[in-house]
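Atom set for the values below is all heavy atoms of this structure, side chains included, hydrogens, waters and symmetry mates excluded. Just so it is clear: chains get the letters A, B, ... in the order the sequence lines come, proteins before strands, and each one is counted from 1.
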Amino acid sequence: MFSEQAAQRAHTLLSPPSASNATFARVPVSTYNNSSQPFRLGERSFSRQYAHIYATRLLQMRPFLVSRAQQHWGDGVQIKKLCELQPGEKCCVVGTLFKAMPLQPSILREISEEHNLLPQPPRSKYIHPDDQLVLEDELQRIKLEGSIDASKLVTGTVLAVLGSVRDSGKFLVEDHCFAELAPQKPAPTLDTDRFVLLVSGLGLGGGGGESLLGTQLLVDVVTGQLGDEGEQCSAAHVSRVILAGNLLSHNTQSRDSINKAKYLTKKTQAASVEAVKMLDEILLQLSASVPVDVMPGEFDPTNYTLPQQPLHPCMFPLATAYSTLQLVTNPYQATIDGVRFLGTSGQNVSDIFRYSSMEDHLEILEWTLRIRHISPTAPDTLGCYPFYKNDPFIFLDCPHVYFCGNTPQFGSKIFRGPEDQRVLLVAVPDFSTTQTACLVNLRSLACQPISFSGFGAEDEDLGGLGLSP
Amino acid sequence: MADQLYLENIDEFVTDQNKIVTYKWLSYTLGVHVNQAKQMLYDYVERKRKENSGAQLHVTYLVSGSLIQNGHSCHKVAVVREDKLEAVKSKLAVTASIHVYSIQKAMLKDSGPLFNTDYDILKSNLQNCSKFSAIQCAAAVPRAPAESSSSEKFEQSNLQVSSETPANHELTTNGHSPPTSKQILQQPKGIMGMFASKAVSKTQDVNKETKTETKEVTNVSSVGNKAPGKGNVMSNFFGKAAMNKLKVNLDSEQAVKEEKIVEQPPVSVTEPKLAVPTGLKKSSKKAEPVKMQQKEKKSNRGKRVELSDDETKETENLKKKRRRIKLPESDSSEDEVIADSPGDYEAESPSPPPPPSPPPEPVPKTEQEPPSVKSSSGEKRKRKRVLKSKTFVDEEGCIVTEKVYESESCTDSEEELKMKTSSIHRPSTMTVKKEPKEERKGPKKGTAALGKANRQVSITGFFQRK
């Protein structure tokens with residue numbers, strides 16, 4: 001682990017100045033391959049209906065589900081389409097789930113004059129015991145009941161259900177299965193420790209100054225300014241830094257210009273301008289020392305719909321001078337030193353959190369891996385580009401490290417798939433609140449959180465450091 | 001002795017100047033490796049405490065190590081006060097590093113001032129932020145100008161200076177200045193560019209100067225903050241005529257685009273160069289406050305300003321001959337603010353050998369001031385060219401009266417009255433052929449410009465003005 005390796009060298013800094021000071025060379029990039037091409041959008045046209053995504057999603061996922069169903073329930077299981085169903089006959093159907101939720105915000109209901117409804121206040125979860133599951137395939141849809149947990153599932157999941165049709169017209173489910181993990185190429189074996197630092201939620205421009213020192217300490221550790229020689233040597237093994245979204249704070253999104261009178265807001269600058277300048281300086285410090293990949297997030301100045309396109313380099317005049325800075329999409333996938341990374345800035349996971357009973361972000365992350373889709377709720381409740389040719393959010397192969405940013409707390413887990421796939425799941429916490437980042441060791445595929453703290457007037461009991469017993 | 005020097009330095013910083021000396025601050029100030037700075041701080045603390053146990057010194061330490069928390073081993077990095085150091089150390093399972101973080105005279109309530117100190121010193125050293133660091137990355141090299149991305153070509157299409165004469169060719173690259181040039185560079189280049197477009201011949205010195213400017217790709221220090229400042233500084237170096245052109249040039253619709261930094265140009269290099277012209281004064285030049293820098297800054301239209309860096313050449317040429325000044329048509333930038341500088345700008349060329357024969361006469365006539373520059377507040381104040389009579393004694397001792405246009409703030413209604421330039425008296429001894437042309441151009445241009453309400457109709461609009 002990072003700490004142990006760092007502690008191996010003798011402490012030299014509590015001593016008079018020595019004649020020479022060690023300088024370490026950053027581990028060179030051995031292999032890097034950015035495979036986010038499916039998430040880059042070229043010419044965009046929004047004149048399409050969103051139904052095409054679902055159609056292509058089902059089309060692409062059907063073969064995976066059929067093979068899984070046969071694995072689970074035997075080769076003899078009958079796979080039928082909804083139109084072919086006979087009452088009482090046990091069979092398996094593959095389709096897309098739709099969850100009818102009464103609490104789901106609906107713009108039509110909101111603006112409907114006959115209801116005279118006030119807009120619904122935002123809630124943290126929109127689930128309700130009365131939620132109904134409906135299975136849709138290419139032609140028909142049917143209500144589901146039985147041993148299937150409606151609270152956990154969300155709209156847009158493609159799955160296979162085993163059961164039979166009742167006379168009431170509903171499908172009684174006995175069992176269901178997901179597409180599970182995609183095939184995975186084996187991870188390479190590395191001879192030295194190499195680390196990738198995952199940070200998300202820097203939250204610049206947020207007004208609170210507490211996280212700024214933490215951010216500066218983070219940059220100093222990575223660039224080798226902080227720490228003793230051992231730590232600096234270990235930091236030199238950090239081969240890449242990935243900033244997973246929400247570089248700007250939620251506060252920079254306030255749009256006074258809409259609410260206030262023009263004469264009050266005419267000469268005011270958007271809050272994001274200062275924040276982007278600060279971000280530019282931070283990126284400059286980082287890129288002068290380590291390759292950086294910057295992913296946009298929910299509050300960053302890029303498009304809203306998934307997949308989010310990279311931030312524009314004109315915003316970072318200082319940092320784009322260095323070729324080590326890379327502005328990438330959200331979601332982002334790349335192969336770093338042979339290890340496949342795939343991750344998002346967290347919008348997919350937090351959206352599923354809102355519409356499902358699952359509480360732990362790491363658990364949701366694992367679930368998306370199992371259903372083989374990064375973001376099933378897009379385009380239903382999460383903004384998404386109207387794809388029609390293919391759905392790029394389907395896992396075509398399994399990554400080695402799968403992360404999502406901006407979670408409330410750190411979480412990390414090794415997940416094993418049915419075909420011996422091994423995935424490291426990382427829930428990267430929001431830095432502005434937790435002051436914690438993640439160090440992924442590429443050799444051992446383990447993740448260690450690294451947290452920073454300063455001291456404040458009230459930290460008498462080391463509570464701020466999390467060190468209190 | 002050198003070792004003792006740092007002790008004295010630290011002593012001075014902490015005790016006399018009452019500063020917060022962080023290791024990073026010391027490292028940049030003394031120019032030493034960060035680890036050495038940490039060791040210096042420690043050494044100082046030890047010695048000071050040994051010789052004077054009641055010393056007023058508060059020290060903060062950086063502690064890092066691993067800790068078992070929530071079932072996994074978490075690496076913690078913390079800045080702690082001296083009194084908490086032992087407690088924190090005891091909590092860590094493995095201590096990776098401890099070193100002095102900062103020394104200050106007063107007890108710190110929280111770590112905010114530490115951050116501020118580091119931030120300030122970092123801001124002034126942004127370009128070489130990893131110079132004293134313990135990790136050097138071979139891959140982190142600033143992009144060379146030649147490798148600039150396609151965004152540059154995109155910008156260059158709008159470059160005004162493309163109409164430069166061949167003599168400018170070496171500087172055209174400036175005009176299409178390295179795409180990597182940043183905004184701050186673009187402003188000086190814009191000033192240059194204005195002159196470049198007008199220059200007929202450039203002196204070698206001017207060439208050199210502008211070339212140097214080209215090479216100075218970017219000043220990495222906060223561009224935004226410096227650019228307006230620089231703009232004003234720059235404008236101080238040039239004559240009013242030059243300023244007019246400058247203004248017009250920058251007025252023209254060109255996006256100011258930030259491009260990649262190529263190298264780290266010490267800003268100071270530009271400034272000494274620009275300082276040279278300061279000495280030169282053109283007595284009767286009327287300085288036009290240069291507002292473009294501000295306008296550029298404030299103009300939010302995403303337009304780029306392609307600047308060639310021939311401005312100094314321009315000024316010199318202005319001096320030497322009344323060459324026609326090709327004023328790019330000023331565009332209608334309603335949002336641009338005209339910051340009124342006190343009008344003391346001198347047109348300076350870097351090394352203008354006073355031409356023996358060319359008329360020392362100031363060349364106000366060649367000024368084609370953009371007739372209308374509107375203030376951002378949307379009021380109808382404009383700079384208009386006003387026909388005024390100027391009387392002065394020229395080089396040969398003759399009293400000369402000329403009617404010249406000079407820019408003046410006035411309201412819209414007066415604009416239309418100032419179009420004619422037919423009556424310009426010229427000293428007979430002077431043979432500046434270009435003057436009449438320029439005069440004619442002036443009004444024509446003024447008319448056209450005014451007529452279009454300072455709007456550049458097409459991208460090549462200003463070319464026709466020649």
At a heavy-atom separation under 4.5 Å, does A:Pro28 approach chain B through its side chain, its backbone, both, or neither?
-> neither
B:Phe115 and A:Leu217: CA distance, side-chain angles, deciding distance, side chain to side chain contact (heavy atoms under 4.5 Å, CB included) verdict | CA-CA 9 Å; B:Phe115 170 74; A:Leu217 289 176; over 6 Å; no
Side-chain contact, heavy-atom cut-off 4.5 Å: A:Ile450 with B:Lys76?
-> no
To the nearest 0.5 Å, what is the distance between CZ (A:Phe452) and NE2 (B:His75)?
-> 7.5 Å
Evaluation steps, side chain to side chain contact (heavy atoms under 4.5 Å, CB included), between A:Glu281 and B:Tyr119 = CA-CA 10 Å; A:Glu281 284 158 13; B:Tyr119 185 71; 3.0 Å; yes
Heavy-atom closest contact (B:Cys137 atom, A:Ala288 atom, distance) = CB-O, 4.3 Å
A:Asp280 versus chain B, the contacting section by heavy-atom distance below 4.5 Å = neither
Exam field: side chain B:Ser133 to backbone A:Thr223, donor-acceptor pair closer than 3.5 Å | yes
Heavy-atom side-chain proximity of B:Leu62 to A:Leu226 below 4.5 angstrom = yes
Whether B:His99 side chain and A:Asp228 backbone form a donor-acceptor pair below 3.5 Å = no
A:Val222, part contacting chain B, at a heavy-atom distance under 4.5 Å = backbone
Can you measure from CG (B:Leu122) to CD (A:Gln285) and round to the nearest 0.5 angstrom?
-> 4.0 Å
Non-hydrogen atoms of chain B under 4.5 Å away: do they reach the side chain of A:Leu218, the backbone, both or neither?
-> neither
Honestly, the part of B:Lys24 sitting under 4.5 Å from a heavy atom of chain A is side chain
Side chain, backbone, both or neither: which part of A:Leu213 has a non-hydrogen atom closer than 4.5 Å to chain B?
-> both
Per-residue contact mode, A:Glu231 against chain B (heavy atom under 4.5 angstrom) = side chain
Begin with the C-alpha distance, continue with both residues' side-chain angles, and end with the deciding distance and a verdict on side chain to side chain contact (heavy atoms under 4.5 Å, CB included) for B:Ile135 and A:Gln225.
-> CA-CA 8 Å; B:Ile135 299 179; A:Gln225 315 235 357; over 6 Å; no
Of the listed residues (B:Tyr61, B:Phe132, B:Tyr23), which shares the most heavy-atom pairs with chain A below a 4.5 Å separation?
-> B:Tyr23
With a 4.5 angstrom heavy-atom cut-off, which part of A:Ser287 approaches chain B: side chain, backbone, both or neither?
-> backbone
Taking atom NE2 of B:His72 and atom SG of A:Cys447, what is their separation to the nearest 0.5 Å?
-> 8.5 Å
Contact origin within B:Ser27 toward chain A - heavy atom pairs under 4.5 Å = neither
For the candidates A:Val290, A:Val221, A:Asp220, which exhibits the highest count of non-hydrogen atom pairs separated by less than 4.5 Å from chain B?
-> A:Asp220
Looking only at B:Ala96, B:Cys74, B:Ala134, the option with the highest number of non-hydrogen pairs under 4.5 Å against chain A is B:Ala134
